[in-house]
Amino acid sequence: MLVVMKAQATPEEIQAVCDHIVQLGFRPHPLPGAQRTAIGITGNQGEVDRGNLESLSGVAEVIRVSKAYKLASRDVKEEDTVVRFAGAAIGGRDLTIVAGPCSIESREQAFAIAEQIAASGARFFRGGAYKPRTSPYAFQGLGLEALKIMAEIRDRFGLRIVTEALDSETLDLVAEWADVIQIGARNMQNFSLLKKAGRLRKPVLIKRGMSATMEEFLMAAEYVMSEGNYEVILCERGVRTFADHARNTLDLSIVPALQHVSHLPILVDPSHGTGRRDSVVPMARAAIAAGADGVMVEVHDHPEKALSDGPQSLYPAQFSTMVQELEQIAPVVGRSFPRAVPASASTEAE
Ligand code: PEP
Ligand code: MN
């Protein structure tokens with residue numbers, strides 16, 4: 001259910017409706033919009049008695065939300081969600097570039113890559129501290145040491161840090177050190193992890209599961225939002241198909257489909273989406289042309305020596321060219337491209 005407040009409703013009226021919802025034993029989710037505030041109701045098994053709600057002061061109407069996902073839906077919030085950081089944003093008019101190595105391998109490696117991607121215009125640095133590897137014998141990540149290296153990178157280059165929480169233990173550490181908590185494809189339906197991330201107040205980037213439908217993807221976001229964390233970013237990273245020319249099939253058609261039904265920002269990861277360095281830049285261009293809010297790509301200064309995902313990692317020079325190309329595409333699709341802002345000169349972007 002959704003309570004739509006009148007445009008002129010006061011904060012006290014909004015609070016009174018929230019209190020009433022709590023008294024009914026449900027959870028209110030006030031979602032301010034440009035025109036009016038809507039209050040999503042979750043926790044109800046069946047219909048909520050709308051009679052009482054409709055008669056409360058400041059209420060315009062009470063609507064039933066028929067979709068399985070509620071808080072992630074445009075029915076509940078019409079305007080696009082913009083996740084804001086000091087000096088950067090994900091969603092809105094400006095495109096976002098998240099770049100960095102698959103794994104943090106050493107301080108030298110991470111700093112060398114961060115310096116180059118910052119110089120090319122990225123505002124977000126990615127790097128795995130805890131890696132979900134298919135083989136238990138493969139490099140599992142440097143853990144806390146990697147988180148500390150990335151915190152230094154944030155201070156030095158003014159880059160915001162995106163890194164994956166693998167489980168409930170690592171979630172608290174990642175939340176402490178990172179700016180964005182990544183939930184990986186393999187964990188997209190780890191419901192207890194999603195709920196725990198929902199209880200934090202840090203943006204959460206959810207990667208699409210390898211065989212997840214759009215509804216399942218949005219339900220993962222709903223798990224986080226239902227706990228009161230509305231700063232969710234979706235990331236398409238390819239799904240498993242019969243195709244044998246690429247690691248995964250990057251499903252760019254989900255971008256407009258998601259934008260139709262959801263207000264959440266969506267990034268595209270063409271690195272995991274293709275698994276091939278030569279396909280990453282063309283698919284990054286296509287992602288922006290399709291309307292994505294940005295891309296997340298893997299970059300390595302020595303991909304041939306990388307401890308994970310070397311074959312899909314761009315060389316820094318390729319990354320730099322890619323950024324210039326995306327910058328040219330941006331205005332064609334009504335987007336702008338923020339240049340790197342020095343750490344000291346942080347301004348609130350849209
Ligand atoms: C990653 O981003 O390094 C990663 C492991 O991604 P995914 O969960 O999409 O496989
Ligand atoms: Mn990777």
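Whatever order the structure lists them in is the order used to number ligands and atoms, beginning at 1.
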E115 side, atom CD; F157 side, atom CZ - distance, nearest 0.5 Å: 5.0 Å
Mind checking whether D269 has an N or O less than 3.5 Å away from an N or O of ligand 1? no
Keeping waters out of it, list the protein N, O or S atoms under 2.8 Å from the Mn ion (ligand 2). C102 SG, H272 NE2, E298 OE2, D309 OD2
For residues 230-269, pull every pair meeting ring pair (Phe, Tyr, Trp, His ring centres under 6.0 Å), keeping only residues two or more places apart or in separate chains. H29-Y230
Please list, in number order, the atoms of ligand 1 under 4.0 Å from a heavy atom of R237. 7 (P), 9 (O), 10 (O)
Just jot down the ligand 1 atoms closer than 4.0 angstrom to any heavy atom of G184, in number order. 8 (O)
Show the atom names and distances, to 0.1 Å, of all donor-acceptor pairs under 3.5 Å that link a side chain in residues 231-240 to residues at least two apart or in another chain.
{"from": "E236", "atom 1": "OE1", "to": "R208", "atom 2": "NH1", "distance (Å)": "2.9"}
{"from": "E236", "atom 1": "OE2", "to": "G238", "atom 2": "N", "distance (Å)": "2.8"}
{"from": "E236", "atom 1": "OE2", "to": "D251", "atom 2": "N", "distance (Å)": "2.8"}

Using distance alone, with no hydrogens and no angle criterion, decide if T42 and S226 have a side-chain donor and acceptor under 3.5 Å apart. no
For E298, the ligand 1 atoms with a heavy-atom partner under 4.0 Å come out as 3 (O)
Should you measure from each heavy atom of E164, which atoms of ligand 1 turn up under 4.0 Å away? 5 (C)
Looking at Q182, which atoms of ligand 1 are within less than 4.0 Å of one of its heavy atoms? 1 (C), 2 (O)
Mind checking whether F111 and L147 sit in one hydrophobic cluster, side chains of I, L, V, M, F, W, Y counted as touching below 4.5 Å? yes
Which donor-acceptor pairs under 3.5 Å do the side chains of residues 281-290 make with protein atoms, sequence neighbours left out?
{"from": "R285", "atom 1": "NH1", "to": "E325", "atom 2": "OE1", "distance (Å)": "2.8"}

Quick one about H300 and D309 (side-chain donor to acceptor, distance below 3.5 Å, no hydrogens or angles considered), yes or no? no
Does the side chain of D19 pick up a donor-acceptor pair with the side chain of Q23 at under 3.5 Å? no
